[in-house]
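Data block below; observations after.
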Amino acid sequence: MADFDLGAAFIPALHKPAELLPIAKHREALLYLVETSPVTIVVGQTGSGKSTQIPQFLERAGWCADGKIIGITQPRRVAATTVALRVAEEFGCEVGKEVGYSIRFEDVTSGSTRIKFLTDGLLIREALVDPLLSRYSVIMVDEAHERSISSDILLGLLKKIRKKRPDLRIIISSATLQAEDFRNFFSEPKEQKEGPDGKQNDDIASIISLEGRTYPIDILYLETPTENYLEKAISTVFEIHTNEPKGDILVFLTGREEIDQAVQAVAERSAQLRAGSQSILPLPLYAGLPADQQMYVFEEAPENFRKVIFSTNVSEASVTIDGIVYVVDSGFVKLRAYNPRTGIESLTVTPVSKASAAQRAGRAGRTKPGKCFRLYTEETYQSLPDSTVPEIQRSNLAPFILQLKALGIDNVLRFDFLTPPPAELMIRALELLYSLGALDDYAKLTRPLGLRMAELAVEPMMAKTLLSAPSFGCLSEILTIAAMTSLGGNIWIQHEGEKKKTESARWKFAAEEGDHLTLLNVYQAFVTKGRKESRFCHENLLNFKLMERAVSIRAQLKRYLERFGINVDESLAPHSTSAPASNKAEQIRRCLTAGYFAHAARMQPDGTFRNVSGTTVLHAHPSSIMFNRKADWVIFHEVVETGNKTFIRDISRIEKAWLLEYAPEFYKSS
DNA sequence: GAGCACTGC
């Protein structure tokens, strides 16, 4: 008998030893399937070890002979890096050697790399250079069930590539509900091998299921529907707090406003709880939250506190919080929708799908048995769609159509999509690309313009603006504006109750001509006066991480242009507001019009904007310098509809005549 | 006079 000292403090292992993971006992079966069938669909929950173990099994089984490599795609950058780090550690190598990763701005691979993790978008880009992805012996598409546009397109490409490269092995990792969809996709059209009983040909794609989770989760429904899920969520939190044993709570809501409201309400009500009992620590979590405030969510709650996290969908897949025992699911999510007729994107509160509800519930039982409180009835649950409408069916497809064309897929309408997007969406995208000059009368990619637009890592209208910039003599400035507008986030840090401060910080950089010139001023100040330091950002309430990112994006775009043989002259004096520069400002606005003519609007006497056809009322977004300012004609970067208002963001003044000058075809009838 | 789900090249 071993002489255990039960009083000793045990330190839990940082990682579960690989041989204890459920996947270990499926190793032989898995390798057999990959050997014998071109496509293997692996069904397994988070924590089954599929992302970390499968690549190592394959490497040991000889799939990297002849210098070929194993590629594993992830939908997110963080996943690609963290999984690579972990596999490198298990493999016993430095990351970047036998095991590496590649994401935008960071290529941590070398000649000796055999197992490579990368984002799905980046693998599509690799196909531009190497159409058959010939370096890879196996490609594993991880988290395919999330159905991101990139992974959907990647699957379509892989299906095509497979026909020319029978040696290529494809592995798709998926959640249970959708495994059959993937198999059907790759098995179509049923080839001659179809059996006499009409049974589908299983030779192409096989499914293997890995053991699921270890801890059970109780699902509880409401007996009668609620009219106010926010209020119900708050009261449920208190019910759990008083009736259920220890364990943190995760509440799924739809957005920032709701979350802030809930956090405040819980803080107020818990203050009224009698002293002595355990207290509640309510915390918000959404992607827009500054990084330092997000950190609290991962820290252990102080003694005698129960952590309650009110979160958006970030916690459904992207972020994992330890110690969650209870999940409260509002049953709703904000989803992007795209109206092909107006070209307007909207964010709409939508009921979740069954798959999404399962994913949310699963967040409860990661470390011990858990409970999930669904704020809807079981009947409502039954009426929910099985899965969320894939992103590809509700997005602006122009950037992806451009990529497909550059990959040599001319007939995009007949591309083999996992689920085809509505024809209207495709037509709208083709029309836009045609008006920008990326496609010719036969819908063929133009050269060099269209091809270059496809290669630039910015959306088509900005790509056109960039490629037009040399003729306006403002390439250096447009490069900066392109980098700043493609950040996808607010560069201004908004502290609670300090709106005034943010506003005055912003006005220091304000340009009369609009937001694009203001962004240019901010960047110029950051790299010159601010010496790219965080102190400058701190003093001016700017998001340092985003500013650093802008520097990277700008450098990357500049490299692309130089590869096209376009010289970027940075020797000119930095932008200033002095007299000779005003001509430069006009050139910049003219150049922006050459790319953004489709996003033009005119201010009405009541201060709102109307698009050119006059059909849509648009409001300047409160984050814009043009908010509550007088203007006539403007162009804008993007339009977003929320609730019942349609906002335009990143706005600059232009002259009406410029629209006719740079887009005569587009505006000839008006 | 008032506001933004989440990714990615």
Side-chain angles (χ1 to χ4, degrees), chain A residues 73-80 102-107 118-129 143 146-154 252-260 285-289 311-319 330 332-337 345-350 352 356 388 391-392 394-395 399-400 402-403 406 453-460 462-463 482-483 486-492 494 499-500 502-503 549 552-553 556-557 559-560 606-608 619-624 627-629 638-650:
Chain A
T73 72
Q74 297 288 337
R76 281 169 291 277
R77 294 161 54 97
V78 246
S102 188
I103 56 177
R104 188 182 187 183
F105 308 129
E106 256 183 278
D107 182 12
L118 70 172
T119 46
D120 35 31
L122 202 57
L123 187 60
I124 295 176
R125 293 214 157 244
E126 281 190 12
L128 282 173
V129 186
E143 316 285 356
E146 287 187 20
R147 304 292 309 273
S148 72
I149 296 191
S150 298
S151 80
D152 267 21
I153 287 181
L154 192 55
F252 283 99
L253 295 174
T254 68
R256 171 181 171 167
E257 199 181 347
E258 266 175 24
I259 288 168
D260 288 343
L285 180 65
Y286 42 83
L289 205 65
S311 171
T312 60
N313 238 24
V314 262
S315 315
E316 197 179 297
S318 315
V319 171
S330 65
F332 290 95
V333 63
K334 253 185 210 171
L335 282 184
R336 173 170 50 206
E345 271 188 350
S346 60
L347 285 169
T348 316
V349 175
T350 316
V352 294
S356 192
T388 311
E391 214 182 356
I392 203 166
R394 50 186 171 87
S395 306
F400 301 94
L402 199 54
Q403 267 190 344
M453 282 172 64
E455 287 181 21
L456 282 170
V458 286
E459 41 113 23
M462 188 52 90
S486 67
L487 286 175
N490 193 350
I491 56 163
W492 302 100
Q494 190 110 259
K499 283 184 183 175
K500 285 263 161 61
T502 315
E503 296 247 313
R549 200 175 149 74
S552 307
I553 295 176
Q556 190 193 34
L557 293 175
R559 281 197 301 275
Y560 274 118
D606 66 357
T608 64
H619 299 261
H621 195 276
S623 69
S624 170
F627 184 75
N628 269 351
R629 281 222 200 166
E638 60 176 356
V639 48
V640 173
E641 187 183 308
T642 55
N644 38 19
K645 265 192 181 175
T646 307
F647 293 97
I648 50 178
R649 303 168 53 172
D650 293 338

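The analysis underlying the following values was restricted to heavy atoms, covering all of them including side chains, and did not include hydrogens, waters or symmetry mates. Chain letters run A, B, ... following the sequence lines, proteins first and then strands; every chain starts at 1.
Mapped onto DNA chain B by nearest heavy atom, A/Q403 and A/E257 fall at different nucleotides, with A/E257 at the one closer to the 5' end. Annotation: of the two residues near DNA chain B, A/P399 and A/L347, the 5′-most nearest-nucleotide partner is A/L347.
Between the CD1 atom of A/I103 and the P atom of B/dC9 there is a distance of 7 Å, rounded to whole Å. Atom CD of A/E345 is separated from atom P of B/dC6 by 14 Å (rounded to the nearest Å). The distance between atom CG of A/L154 and atom P of B/dG8, rounded to the nearest whole Å, is 15 Å. Between A/F252 atom CZ and B/dC6 atom P the separation is 12 Å, expressed in whole Å. One can place CZ of A/R76 at 12 Å from P of B/dC9, the figure rounded to the nearest angstrom. Here B/dA5 presents its C1' atom at 11 Å from CD of A/E391, a figure rounded to the nearest Å. The CG atom of A/D107 sits 12 Å away from the P atom of B/dC9 (whole-angstrom rounding). Rounded to whole Å, atom C1' of B/dG8 lies 14 Å from atom CD of A/E106.
No engagement by A/V333 is indicated, since no non-hydrogen atom pair under 4.0 Å with the nucleic acid exists. Note on A/D120: nothing from the nucleic acid sits closer than 4.0 angstrom, heavy atoms only. At a threshold of 4.0 angstrom between heavy atoms, the contacts of A/S623 include nucleobase atoms, whether or not backbone atoms are also involved. Across all strands shown, A/N628 has heavy atoms under 4.0 Å from base atoms, whether or not it also approaches the sugar-phosphate.
The side chain of A/R125 places no N or O atom within less than 4.0 Å of a non-bridging phosphate oxygen (OP1 or OP2) of B/dG8. Contact between the side-chain N/O atoms of A/T119 and the OP1/OP2 oxygens of B/dC9 is found at a separation under 4.0 Å.
Minimum atom distance to the side chain of A/T312 is reached by B/dA5, of the listed B/dG8, B/dA5, B/dC9. Looking at the side chain of A/R77, the nearest of the listed nucleotides B/dA5, B/dA2, B/dC9 is B/dC9. Of all nucleotides listed (B/dG3, B/dC6, B/dG8), B/dC6 comes nearest to the side chain of A/A287. Closest to the side chain of A/L122, from the set B/dC9, B/dC6, B/dG1, is B/dC9. Closest to the side chain of A/R104, from the set B/dT7, B/dG1, B/dC9, is B/dC9. The side chain of A/P622 lies closest to B/dA2 when the candidates are B/dA2, B/dT7, B/dA5. Listed candidates were B/dA2, B/dC9, B/dT7. Nearest to the side chain of A/K645 is B/dA2. Taking the side chain of A/Y286 as heavy atoms from C-beta on, and the options B/dA2, B/dC6, B/dG3, the nearest nucleotide is B/dC6.
No more than 12 heavy atoms of other residues, nucleotides or ligands sit less than 6.0 Å from atom CZ of A/R256.
At distances below 3.5 Å, not a single donor-acceptor pair connects side-chain atoms of A/S346 with backbone N or O atoms of A/T348. Proximity of a side-chain donor or acceptor of A/R394 to a complementary backbone N or O of A/R336 within less than 3.5 Å is detected. When atom types are taken as modelled, the side chain of A/Q556 and the backbone of A/S552 share no donor-acceptor pair closer than 3.5 angstrom.
Judged by distance alone, the side chains of A/T254 and A/E258 do bring a donor and an acceptor atom under 3.5 Å apart.
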(request) Start with the C-alpha distance between A/E316 and A/S356, add both sets of side-chain angles, then the distance that settles side-chain hydrogen bond (donor to acceptor under 3.5 Å, both in side chains), and finish with yes or no. (result) CA-CA 8 Å; A/E316 197 179 297; A/S356 192; 2.8 Å; yes

